[in-house]
Novice: 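If you scroll down you'll find the structure; I have some questions about it.
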Amino acid sequence: MSVRVRIAPSPTGSLHVGNVRAGLFNWLFARHHGGTFILRVDDTDTERSEERYLTEILDGFRWLGLDWDEGVGVGGPHGTYRQSDRFGRYAEVTAGFLAGGHAYRCFCTPEDLDERRSLAQKEGRPPGYDGRCASIPATEAEARAATERFSVRLRFPRHGATEFTDLIRGEMRFDDVTQDDFVILRSSGVPTYHLASAVDDVDYGITHVARGEDLLSSTPKHIAIARAMGAEPAVYAHMPLLFGPDGRKLSKRQGDTSLQYFREEGFLPEAMFNFMCLLGWSPGGDREVFTADEAVELFDLVDVSKNPAVFDLKKLEWLNGEYIRRLEADDFAGRVLPLLGEVTPTQEKAFRELAPLVQERTKRLGEAADQVRFLLLADGDLDYDEASWEKQMTKEFSRPAVEGALAVLGGVEDWSTGSIEAALRAWMEAEGLSPRN
RNA sequence: GGCCCCGUCGUCCAGGGGUCCAGGACGCCGGCCUUUCAAGCCGGUAACGCGGGUUCGAAUCCCGUCGGGGCUACCA
């Protein structure tokens with residue numbers, strides 16, 4: 001059986017590095033096994049989903065080099081691959097469950113539920129749904145459905161326990177008494193994540209579900225849904241979560257966790273790819289720097305670590321520096337150039353000459369751009385804005401220093417990397433300056 | 001609280017009964033190189049959470065404990 005895996009982002013925000021890592025591992029797994037990588041959009045939350053986020057997410061995956069064989073943007077045999085287009089399908093499955101006794105209507109109101117839940121907790125009983133509506137006769141439930149609001153709950157099958165083998169964590173066992181009859185269709189008619197996700201996985205023929213460990217304890221729910229559909233559940237693999245530097249779950253509020261941020265800062269996709277691989281996986285031995293092809297060849301989900309990984313920016317910067325230094329000079333200059341904004345041909349020429357000096361000592365393209373930005377001022381015909389110039393430059397250099405440097409550069413006849421460096425050095429020595437000033 | 005997952009240097013990863021007084025990488029510290037910085041090179045710092053087992057022998061297996069994390073919604 002051919003491997004079919006998927007990544008299913010929700011377009012409710014920027015592409016988070018946690019999702020990137022999940023996508024990366026699924027992609028590696030698919031490519032390693034010659035399988036199919038699918039990109040589906042989990043946008044059942046129509047309120048918070050936005051097209052611009054979806055665009056950013058797709059763009060982010062492409063930037064990293066993760067291409068998908070089926071899904072949004074590329075099509076495939078399963079429609080649009082957007083859950084928002086499949087509400088009819090989820091309703092159909094729900095109806096089937098209702099008819100087959102796999103699910104039942106629940107007329108409890110959210111307020112009732114809250115009340116009973118807190119009472120149960122106070123009395124030390126499990127806080128899950130108490131099954132109150134489970135025994136309402138089907139005919140009665142149907143009649144009430146005409147006038148009352150209701151949600152639909154899965155009748156969680158009681159066989160003792162749900163057991164499965166997690167590719168990363170091994171044998172898993174969840175006792176039935178810890179499970180409850182969870183909601184699959186809200187009273188609004190919108191399916192819950194559990195339903196939509198599990199149904200799609202079955203419909204799309206997903207063979208392996210590799211996702212974050214935060215979903216590990218929801219797995220019995222997904223298995224129950226697949227079985228109620230008469231399908232064989234996928235093989236699951238729960239990847240360790242990513243933590244922030246403070247040792248806590250990496251969250252958007254910690255600031256710079258969107259892939260977009262790293263792109264803008266000038267991290268190379270190759271470096272990002274390599275670095276993300278190292279978060280929870282290793283090609284074995286002491287290898288740390290490798291290409292995507294090498295990773296594809298060596299990767300397998302069973303080798304993924306069980307421990308959560310802290311996203312170490314320092315190491316990413318080091319790795320990025322490694323990749324930057326390996327770039328051809330022209331390639332490097334070409335990647336920094338766009339970050340400088342509008343440049344005249346003269347400025348571009350100047351920049352290309354200066355670029356090798358910066359390339360060997362920079363960790364991020366953005367940093368490189370900042371270091372040479374003063375070049376834009378050296379061109380006489382550039383009409384620059386005094387105020388923004390101040391703001392920009394005084395962060396890095398003192399004003400006299402910059403003016404002095406410009407004067408020196410203006411006097412350079414032979415506009416080449418070597419003579420630029422020589423001129424600047426001579427000037428600094430004469431002025432008794434260190435580069436820090 | 002209940003259920004579940006995880007515990008090797010500060011961080012990422014290797015090692016899965018002897019070859020480990022634990023290896024690589026980032027970071028940090030020091031040195032060399034260099035007119036400065038960076039890069040490069042050399043060296044140093046630093047870990048098997050704890051307690052019991054099992055075994056001739058445990059970082060590796062078992063139990064407990066402690067610690068961290070996740071889930072516990074008509075969020076995903």
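Each chain gets a letter, A, B and so on, in the order its sequence line appears, and its residues count up from 1.
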Novice: What's the gap between B/C66 and B/G49 when it is taken at their C1' atoms, as a whole Å value?
Specialist: 8 Å
Novice: A/Leu354 CG to B/A38 P: how many Å, rounded?
Specialist: 18 Å
Novice: Can you figure out which of B/C74, B/G69, B/C12 approaches the side chain of A/Phe243 most closely?
Specialist: B/G69
Novice: On RNA chain B, compare the nucleotides closest to A/Thr362 and A/Asp42; which residue's is nearer the 5' end?
Specialist: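 The residue closer to the strand's 5' end, by nearest nucleotide, is A/Thr362.
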Novice: Touch check for A/Leu319, heavy atoms < 4.0 angstrom, all strands: base, sugar-phosphate only, or nothing?
Specialist: nothing
Novice: I'd like the P distance from B/G7 over to B/C50, given in whole Å.
Specialist: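 Approximately 15 Å lies between the P atom of B/C50 and that of B/G7.
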Novice: Can you check whether A/Arg287 has a side-chain N or O nearer than 4.0 Å to OP1 or OP2 of B/G24?
Specialist: no
Novice: Considering every strand shown, what is the Watson-Crick or G-U wobble mate of B/A39 when both distances are under 3.5 Å?
Specialist: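 B/A39 is paired with nothing.
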Novice: In terms of side-chain geometry, is the basic nitrogen of A/Arg326 or A/Glu322 positioned less than 4.0 Å from the acidic oxygen of its partner?
Specialist: yes
Novice: Which nucleotide wins on minimum distance to the side chain of A/Trp318, given the candidates B/C74, B/A25, B/G69?
Specialist: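 Among the listed nucleotides, the one closest to the side chain of A/Trp318 is B/A25.
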Novice: With both distances kept under 3.5 Å, what pairs with B/C71, Watson-Crick or G-U wobble?
Specialist: B/G2
Novice: Are side-chain N/O atoms of A/Asp43 and A/Tyr53 paired as donor and acceptor at under 3.5 Å?
Specialist: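 Checked: A/Asp43/A/Tyr53 side chains show no N/O donor-acceptor pair below 3.5 Å.
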Novice: Tell me: NZ of A/Lys315 to P of B/U11, nearest whole Å?
Specialist: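 Rounding to the nearest Å, NZ of A/Lys315 and P of B/U11 are 13 Å apart.
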Novice: Is it true that, when you exclude A/Glu140 itself, more than 12 heavy atoms of the residues, nucleotides or ligands shown sit nearer than 6.0 Å to its CD?
Specialist: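 Buried by this count: over 12 neighbours within 6.0 Å.
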Novice: Considering only the C1' atoms, how many Å lie between B/C9 and B/G15, rounded to the nearest integer?
Specialist: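 Rounded to whole Å, the distance is 14 Å.
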Novice: Paired with B/A58: which nucleotide, if any, by Watson-Crick or G-U wobble criteria at under 3.5 Å for both distances?
Specialist: none
Novice: Rounded to the Å, how far apart are A/Leu242 CG and B/G70 C1'?
Specialist: 14 Å
Novice: Checking base pairs now: Watson-Crick or wobble, both atom distances under 3.5 Å. What partners B/G7?
Specialist: B/C66
Novice: Need one value for A/Leu316: base, sugar-phosphate or nothing, where a base atom within 4.0 Å counts as base even if backbone is also close, heavy atoms only.
Specialist: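 Nothing: the residue A/Leu316, judged by heavy atoms under 4.0 Å, touches no strand.
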Novice: Protein-nucleotides 4-10 of chain B N/O pairs closer than 3.5 Å?
Specialist:
{"unit_1": "B/C5", "atom_1": "O2'", "unit_2": "A/Arg169", "atom_2": "NH1", "d": "2.5"}
{"unit_1": "B/C5", "atom_1": "O2'", "unit_2": "A/Glu213", "atom_2": "OE2", "d": "3.3"}
{"unit_1": "B/C6", "atom_1": "O3'", "unit_2": "A/Asn307", "atom_2": "OD1", "d": "3.3"}
{"unit_1": "B/G7", "atom_1": "OP1", "unit_2": "A/Asn307", "atom_2": "OD1", "d": "3.4"}
{"unit_1": "B/U8", "atom_1": "OP2", "unit_2": "A/Asn307", "atom_2": "ND2", "d": "3.2"}

Novice: Would you classify A/Gly212 as touching base, sugar-phosphate or nothing, given that sugar-phosphate means primed atoms plus P, OP1 and OP2, and contacts are heavy atoms under 4.0 Å?
Specialist: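 The residue A/Gly212 makes no contact with any strand.
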Novice: I would like to know whether A/Phe311 and A/Phe262 meet ring pair (Phe, Tyr, Trp, His ring centres under 6.0 Å); could you show each step before the answer?
Specialist: CA-CA 13 Å; A/Phe311 193 93; A/Phe262 294 97; 5.4 Å; yes
Novice: Taking atom C1' in both B/C41 and B/U34, what distance in whole Å separates the two?
Specialist: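 Each nucleotide's C1' atom is 13 Å from the other's.
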Novice: Report the nucleotide, chosen from B/A76, B/G40, B/U11, that has the shortest atom-to-atom distance to any side-chain atom of A/Glu322.
Specialist: B/G40
Novice: Find the distance A/Arg211:CZ to B/A76:P and express it as a whole number of Å.
Specialist: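 Rounding to the nearest Å, CZ of A/Arg211 and P of B/A76 are 13 Å apart.
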Novice: Give a yes or no on this: more than 12 heavy atoms of other residues, nucleotides or ligands lie within 6.0 Å of atom CZ of A/Arg149.
Specialist: no
Novice: A/His194 near the nucleic acid: base, sugar-phosphate alone, or nothing, with a heavy-atom cut-off under 4.0 Å?
Specialist: base
Novice: How do A/Glu360 and A/Thr44 order along RNA chain B: which one's closest nucleotide is nearer the 5' end?
Specialist: A/Glu360
Novice: Should B/C20 form a Watson-Crick or G-U wobble pair with both distances under 3.5 Å, which nucleotide is its partner?
Specialist: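 None - no nucleotide pairs with B/C20, as no candidate has both distances under 3.5 Å.
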Novice: Does A/Arg325 place a side-chain N or O at less than 4.0 Å from the phosphate oxygens OP1/OP2 of B/G40?
Specialist: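 Result: yes.
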Novice: Sticking with atom C1', work out how far B/G23 lies from B/C4, rounded to a whole angstrom.
Specialist: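 The answer is 33 Å between these two C1' atoms.
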Novice: Can you name the one residue among A/Asp200, A/Asp42, A/Asp201 that meets side chain to side chain donor-acceptor pair (under 3.5 Å) with A/Arg6?
Specialist: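 Between A/Arg6 and the candidates, side chain to side chain donor-acceptor pair (under 3.5 Å) is satisfied uniquely by A/Asp201.
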Novice: What distance, rounded to whole Å, do you find between the two C1' atoms, one in B/C3 and one in B/C61?
Specialist: 26 Å
Novice: Rounded to whole Å, how long is the line connecting atom CZ of A/Arg361 with atom C1' of B/A38?
Specialist: 5 Å
Novice: With a non-hydrogen cut-off below 4.0 angstrom, is A/Ser10 in contact with a base, only sugar-phosphate, or nothing?
Specialist: sugar-phosphate
Novice: Specify whether A/Tyr81 and A/Tyr204 have parallel, tilted or perpendicular ring planes, treating 30° as the upper limit for parallel and 60° as the lower limit for perpendicular.
Specialist: tilted
Novice: When the aromatic ring centroids of A/Tyr104 and A/Phe97 are compared, is their separation below 6.0 Å?
Specialist: no
Novice: Could you identify the nucleotide paired to B/A46, looking across every strand shown and requiring Watson-Crick or G-U wobble geometry with both distances under 3.5 Å?
Specialist: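 Matched B/A46 with nothing under the 3.5 Å cut-off.
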Novice: Is A/Ser188 side chain donor-acceptor paired with the B/C74 base, going by distance under 3.5 Å alone?
Specialist: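 Check fails, no donor-acceptor contact within cut-off.
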Novice: Can you tell me, in whole Å, how much space there is between the P of B/G69 and that of B/C63?
Specialist: 24 Å
Novice: Expressed as a whole number of Å, how far does the P atom of B/C21 sit from that of B/A47?
Specialist: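 Going atom to atom, P in each nucleotide, I get 15 Å.
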Novice: Kindly point out which of B/G69, B/A76, B/G27 is positioned nearest to the side chain of A/Leu241?
Specialist: B/G69
Novice: Paired with B/U34 by Watson-Crick or G-U wobble geometry, both distances under 3.5 Å: which nucleotide is it?
Specialist: none
Novice: Are A/Thr192 and B/A73 close enough that a side-chain N or O sits under 4.0 Å from OP1 or OP2?
Specialist: no
Novice: Could you check whether atom CD of A/Glu148 has more than 12 heavy atoms from other residues, nucleotides or ligands sitting under 6.0 Å from it?
Specialist: yes
Novice: Starting at CD1 of A/Ile184 and ending at P of B/C74, how long is that distance when rounded to a whole Å?
Specialist: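 Going from CD1 in A/Ile184 over to P in B/C74 covers 13 Å.
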Novice: Could you tell me if A/Arg144 sits above the aromatic ring of A/Phe150, with its cationic atom closer than 6.0 Å to the ring centre and no more than 45 degrees from the axis?
Specialist: no
Novice: Just how far, in rounded Å, is P of B/G15 from CD of A/Glu288?
Specialist: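 My rounded result for the distance is 13 Å.
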Novice: Determine the contact category for A/Cys108: base if any of its heavy atoms lies under 4.0 Å from a base atom, sugar-phosphate if only primed atoms, P, OP1 or OP2 are that close, otherwise nothing.
Specialist: base
Novice: Counting side-chain heavy atoms from CB outward, which of B/C71, B/C74, B/C12 is closest to A/Val310?
Specialist: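 For the A/Val310 side chain, the nearest candidate turns out to be B/C12.
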Novice: With respect to the phosphate group of B/C74, does any side-chain polar atom (N or O) of A/Arg117 fall under 4.0 Å of OP1 or OP2?
Specialist: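 A/Arg117 to B/C74 OP1/OP2: side-chain N or O found under 4.0 Å.
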Novice: Output the rounded distance in Å from CD (A/Glu111) to P (B/C74).
Specialist: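 One finds 12 Å between P of B/C74 and CD of A/Glu111, rounded.
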Novice: side-chain contact (heavy atoms from CB on, under 4.5 Å) with A/Pro191: which of A/Leu185, A/Val93, A/Thr94?
Specialist: A/Leu185
